Amino acid sequence: MMILAFPDYLSQAQRLAARLDVPLAEIVLHHFPDSESLVRLPPSLPEHVVVCRSLNQPNDKLIELMLCAVTARELGAKRLTLVAPYLSYMRQDIANQPGEAVSQRIVGKLLADLFDDVLTVDPHLHRISSLTQAIPIKNAISLTAANEIGAFLKQQFKSAILLGPDSESKQWVSAIAENIGFDYAIAQKKRLGDRQVEMILQDCDYRNRPVIIIDDVASTGRTIAKAAGLLQAAGNDDIYAVITHALFCGDAYEHILKAGVKNIWSTDSIDHPSACIKLDALLADAIKAIAR
Ligand code: R5P
């Protein structure tokens, strides 16, 4: 087995390779002036190649992933595994208006055509229950970072309320809270636009204990900022946030801090200074299980 790492996921892939005790090669990328990509792999590959890259900022990354996968097959890889802790295009699972592309199905099919296995972490599945419905291959594997996040929080806090900012977050927040014996509450959210959300907190006494807002994705940061504002209005100013996939588009990170969140932590699904919760052990165990 060999790990092939895109440069934007290199440090995480190095930790994964060390855990698996397998060789790693960095994929060489060149961007031409017109923004086309050149992708270069090692000229000789083993039978099983694990390609690692989170698919945030996906439009260029997906093209490069396609060039990589097709080339890896041409160079002799018989089994191609994709490790993409963040999977993009999973949110649009229906056409909300006639004529809209259902990107989850289309991108899912592309990945299924290119790879034998796809491993990801807490994908944002809304109306479907299993990742194989989005990526139609047997080994479309959805892992969860709930244990890693729970263990991290247990080290930081003796007790706290975990707050999920919308109904979809209940699956992660309840699992983490039950694992570590913390209380949790789930807010109701309505998205009015890309950067505008309305929210109502669950009725609960939020005072006198730290509150940790937990979400799978922070994109514009408006969801977490709105939750922080409501918590302050409810008498709490000891507020933290944990995010699985820190997309942090534009001013998101600063916006969350300005909203009164004291500290933001994320997993290393995406490289960022806040990424202190490492996923290599989770990913390594999953790779070992499928490679048996
Ligand atoms: C959506 O339901 C997700 O769970 C997140 O709450 C959402 O993607 C966060 O987006 P933003 O940071 O732009 O508010």
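Model, not experiment: these values are computed from the prediction. Hydrogens, waters and symmetry mates are skipped; everything else that's a heavy atom, side chains included, is used. In this chain, residues are counted from 1 in sequence order.
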Query raised in the report: Are side-chain heavy atoms of Cys52 and Gln12 found at a separation under 4.5 Å?
Result: no
Query raised in the report: Only one of Arg91, Gln104, His245, Glu168 clears side-chain hydrogen bond (donor to acceptor under 3.5 Å, both in side chains) with His124; which?
Result: Glu168
Query raised in the report: Which atom names give the shortest non-hydrogen contact between Ala291 and Met1, and what distance separates them?
Result: CB-CE, 3.9 Å
Requested in this report: Would you indicate whether Gln156, at its atom CD, is surrounded by more than 12 heavy atoms from other residues, nucleotides or ligands within a distance under 6.0 Å?
Outcome: yes
Query raised in the report: Ion pair present between Asp268 and Arg15, side-chain N to carboxylate O less than 4.0 angstrom?
Result: yes
Query raised in the report: Would a 4.5 Å heavy-atom cut-off, applied to side chains only, mark Pro165 and Lys226 as touching?
Result: no
Requested in this report: Flag the pair Leu163 / Leu201 as yes when at least one side-chain heavy-atom distance between them is below 4.5 Å, and no otherwise.
Outcome: yes
Report task. State the CG-CG distance between Asn139 and Asp116, to the nearest 0.5 angstrom. Result -> 8.5 Å
Report task. State yes or no: do Ile239 and Leu162 share one hydrophobic cluster built from I, L, V, M, F, W and Y residues joined by side-chain heavy-atom distances below 4.5 Å, directly or via other members? Result -> no
Requested in this report: Give the C-alpha distance, both sets of side-chain angles, the deciding distance and a yes or no for side-chain contact (heavy atoms from CB on, under 4.5 Å) between Asp117 and Ile141.
Outcome: CA-CA 8 Å; Asp117 325 283; Ile141 297 171; 5.7 Å; no
Query raised in the report: Donor-acceptor pair, Lys61 side chain versus Asn56 backbone, under 3.5 Å?
Result: yes
Query - Rounded distance (nearest 0.5 Å) linking atom SG of Cys68 with atom CG of Leu41 - result: 5.0 Å
Query - Flag side-chain contact, heavy atom, 4.5 Å: Leu75 against Val49 - result: no
Query - Heavy atoms from other residues, nucleotides or ligands near CG of Asn96 exceed 12 (cutoff 6.0 Å) - result: yes
**Report entry** Flag, side chain of Asp271 to backbone of Asp8, donor-acceptor distance under 3.5 Å
**Finding:** no
Requested in this report: Measure from the ring center of Phe157 to the ring center of Phe182 and say whether it is less than 6.0 Å.
Outcome: no
Query raised in the report: Is there a side-chain contact between Ser130 and Leu125 (heavy atoms, below 4.5 Å)?
Result: no
Query - Closest non-hydrogen atom pair, Ala145 against Thr267 - result: CB-CG2, 4.4 Å
Report summary line: Heavy atoms of Ala185 and Tyr206 approach each other most closely as CB-OH, 3.5 Å
Query raised in the report: How many angstroms lie between atom CG of Leu67 and atom CG of Leu62, to the nearest 0.5 angstrom?
Result: 11.0 Å
Query raised in the report: Out of Asp216, Val217, Ile270, Ile224, which one pairs with Ile243 under the side chain to side chain contact (heavy atoms under 4.5 Å, CB included) rule?
Result: Ile224
Report task. Drop me the distance from His255's NE2 to Cys249's SG, to the nearest 0.5 angstrom. Result -> 13.0 Å
Query raised in the report: Taking a hydrophobic cluster as the set of Ile, Leu, Val, Met, Phe, Trp and Tyr residues connected by side-chain heavy atoms closer than 4.5 Å, whether directly or through intermediates, do Phe248 and Tyr86 fall within one such cluster?
Result: no
Query raised in the report: When rounded to the nearest 0.5 angstrom, what distance separates CD1 in Ile287 from OG1 in Thr81?
Result: 7.0 Å
**Report entry** Gln202 atom CD: more than 12 heavy-atom contacts under 6.0 Å
**Finding:** yes
Report task. Taking all non-hydrogen atoms of both residues into account, name the closest pair between Ile180 and Lys154 and its distance. Result -> O-NZ, 3.1 Å
Query raised in the report: Would a hydrophobic clustering, with Ile, Leu, Val, Met, Phe, Trp and Tyr connected at side-chain separations under 4.5 Å, put Leu10 with Val51?
Result: no
Requested in this report: Begin from the C-alpha positions of Asp122 and Trp172 and carry the test side-chain hydrogen bond (donor to acceptor under 3.5 Å, both in side chains) through to its verdict.
Outcome: CA-CA 8 Å; Asp122 294 325; Trp172 300 289; 3.0 Å; yes
Query raised in the report: Would you call Arg222 and Asp251 a salt bridge, taking side-chain N to carboxylate O under 4.0 Å as the test?
Result: yes
Requested in this report: Go through Gln133 and Ser129 one step at a time and tell me if the side-chain hydrogen bond (donor to acceptor under 3.5 Å, both in side chains) criterion holds.
Outcome: CA-CA 8 Å; Gln133 292 170 265; Ser129 54; 3.3 Å; yes
Report task. Could you please spell out the steps behind the side-chain contact (heavy atoms from CB on, under 4.5 Å) verdict for Met2 and Leu45? Result -> CA-CA 7 Å; Met2 176 186 269; Leu45 292 176; 3.9 Å; yes
Query raised in the report: Are Tyr9 and Leu65 co-members of a hydrophobic cluster defined by side-chain heavy atoms under 4.5 Å apart?
Result: no
Requested in this report: Evaluate the side-chain proximity of Ile176 to Tyr184: yes if any heavy-atom separation is below 4.5 Å, no if none is.
Outcome: no
Query raised in the report: Do Leu283 and Val121 have side chains that get closer than 4.5 Å, going by heavy atoms?
Result: yes
Query raised in the report: Can Ile212 be reached from Leu230 by stepping across I, L, V, M, F, W or Y side chains whose heavy atoms are under 4.5 Å apart?
Result: no
Report summary line: When every non-hydrogen atom of Leu80 is compared with those of Ala69, the smallest separation belongs to CD1-O, 3.5 Å
Query - Exercise: identify the closest heavy-atom pair between Ile186 and Lys170 - result: CD1-CA, 3.7 Å
Requested in this report: Just do the side-chain hydrogen bond (donor to acceptor under 3.5 Å, both in side chains) check on Thr223 and Arg191 with the steps written out, would you?
Outcome: CA-CA 9 Å; Thr223 296; Arg191 185 170 284 283; 3.3 Å; yes
Query raised in the report: Parallel, tilted or perpendicular for Phe152 and Trp265, by the 30°/60° rule?
Result: perpendicular
Requested in this report: Return yes if some donor-acceptor pair links the side-chain N/O of Glu148 with the main-chain N/O of Gly150 below 3.5 Å, else return no.
Outcome: no
Query raised in the report: Do Arg73 and Leu114 come within less than 4.5 Å of each other through their side chains, counting heavy atoms only?
Result: no
Query raised in the report: Going through the distances and angles, do Ile135 and Leu87 end up as a side-chain contact (heavy atoms from CB on, under 4.5 Å)?
Result: CA-CA 11 Å; Ile135 304 176; Leu87 261 192; 3.7 Å; yes
Report task. Show your reasoning for whether side-chain hydrogen bond (donor to acceptor under 3.5 Å, both in side chains) applies to Tyr89 and Asn59. Result -> CA-CA 10 Å; Tyr89 283 117; Asn59 295 350; 2.5 Å; yes
Query - Leu82 CG to Leu55 CG distance, which is reported to the nearest 0.5 Å - result: 6.0 Å
Requested in this report: Start with the C-alpha distance between Tyr240 and Leu153, add both sets of side-chain angles, then the distance that settles side-chain contact (heavy atoms from CB on, under 4.5 Å), and finish with yes or no.
Outcome: CA-CA 10 Å; Tyr240 305 83; Leu153 290 177; over 6 Å; no
